[in-house]
Amino acid sequence: MRKISLIGTGYVGLVTGACLAEIGHQVRCLDIDEQKIYNLSKGTIPFYEPGLEDLVKENLENERLLFTTNPSFAFHEADVIYIAVGTPANEDGSSNLEYIFQAANNIATYATGNVIVVTKSTVPVGTNERIREIITMSGLKAEVVSNPEFLREGQAINDTFRGDRIVIGSDNQRAAAIVEEINKPFHVKVIHTDLRSAEMIKYASNAFLATKISFINEISTICEKLGANIEDVAYGMGLDSRIGTQFLKAGIGYGGSCFPKDTKSLVQIAGNVKHKFDLLEAVINVNNKQQVKLVEQALGRFENLQGLNVALLGLSFKPNTDDVRESASIVLANRLIGEGANVAAYDPVAIEKAKSVLPREVHFTKEIAEVLHLADMAIIVTDWDEIKRLPLSIYENMMRTPVIYDGRNCYSIEAVKQHRIEYHSIGRRTVMNLPKKAMVH
Ligand code: UDX
């Protein structure tokens, strides 16, 4: 058992803190947000993540986890300090390291002994060396370890306990061995690298996964034009074990707090060493186009969208999370409102978060029936179970013109053909099955 202190109770910090407590460590989580720390001390989580609230409550009760705004108290007796603060994007796409350096300064000021600093935050290559410099300048002896997270929102606890690998990057063997020992109870394969390689593994992994998604989205557009079916194509490709089936699901483009930010940041990182990362720039451009593709198609289908009732189904960037960061729903809602449409949006959990980033003209509801009632068109943004399970007869019966743009291929073409609907999806044939009089709006 180790006494661990952890800076930052955002998504990564909270999941990491709760999971480290769960495997037996004594964890003190530090944050500057007093209200958040108060709520967390009562077991209230500021975002939706399956299983996390129970884990936090359980470890609060057994006193392995506690929350504080006091750095002296947080660092007291801790020989290992994790940094898990945010690294939001600057205007130019580079990472804003303000919170990282604040954390390093905090350690320099309040830590009392020599420390091992473990960086969970995604930081540009070379940042951990700067963290070490800041702390050692204060007279403390510090070793740094880069230990990037690979957590998927909605599955973060499972990913912590059953991840594919734990990357431990350090130039100091003792520090690396201690971090390996901390993680031992997870029983996940560990690899050791130098600091810079560990930092790079995180960016390269996310950039590669984003590349897979943009690649399959490009193939899906070509499939649409050639009359091929993207699902069969992706399956046939993925069976080649060198390619793999995962992250080959064509859709409305990737969103979230990681891929959009990390891809842009890696382009910047490469640019800083005078390398133009052409491939990754193309991946980003393809994704930007993919997010608005369905509205572009709708503009071709209807003469204009002025006064049309549009149902937006799903707001979060993927199911099982209330996170709307970089979700296609944001660009879609803005574009639709800009085109003069009336937009009603459904989501089972993300409405509160969405209200602060979507245009205020959008009408929000947790009732699918309410958004579909007399709608002229529906756009499926997120493949929530609630949406995938929705019988097609509901669209058929409730919408004024049942024209569906499915950004997640939630329905099989065979099922769609049984209904009087017009159905556009990603990388598959369009089904035009509307009664004649409903065809023209
Ligand atoms: C991602 C990485 O998976 C994780 O390892 C990293 O540490 C953080 O970023 P997350 O952002 O939670 O996790 O979501 P993920 O499940 O990877 O999906 C990202 C986006 O890609 C979503 O918008 C999703 O809908 C989209 N996606 C994913 C596709 O469009 N097709 C796919 O095949 C897979």
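Each residue takes its place number in the sequence, starting with 1. Just follow the structure's listing: the first ligand is 1, and inside any ligand the first atom is 1.
Across V123 and Y203, no two heavy atoms sit closer than the pair O-CE1, 3.3 Å.
Using a cutoff of 4.0 Å between basic side-chain nitrogens and carboxylate oxygens, R196 and D194 are not scored as salt-bridged. Ion pair E199/K202 not flagged as a salt bridge, since none of the NZ, NE, NH1 or NH2 atoms sits closer than 4.0 Å to an Asp/Glu carboxylate oxygen. A salt bridge is defined here as a Lys NZ or Arg NE, NH1 or NH2 lying under 4.0 Å from an Asp or Glu carboxylate O, and K353 with D323 fails to meet this definition.
Taking the side chain as every heavy atom from C-beta outward, Y405 and L332 never approach each other to under 4.5 Å.
Screening residues 42-57 for side-chain hydrogen bond (donor to acceptor under 3.5 Å, both in side chains), with sequence neighbours left out, gives Y11-E49, E53-K57.
Protein residues having a heavy atom under 4.0 Å from any atom of ligand 1 are E149, F150, L151, R152, E153, K202, N206, I213, F247, L248, K249, Y254, G255, C258, F259, F317, K318, R408, listed by chain and number.
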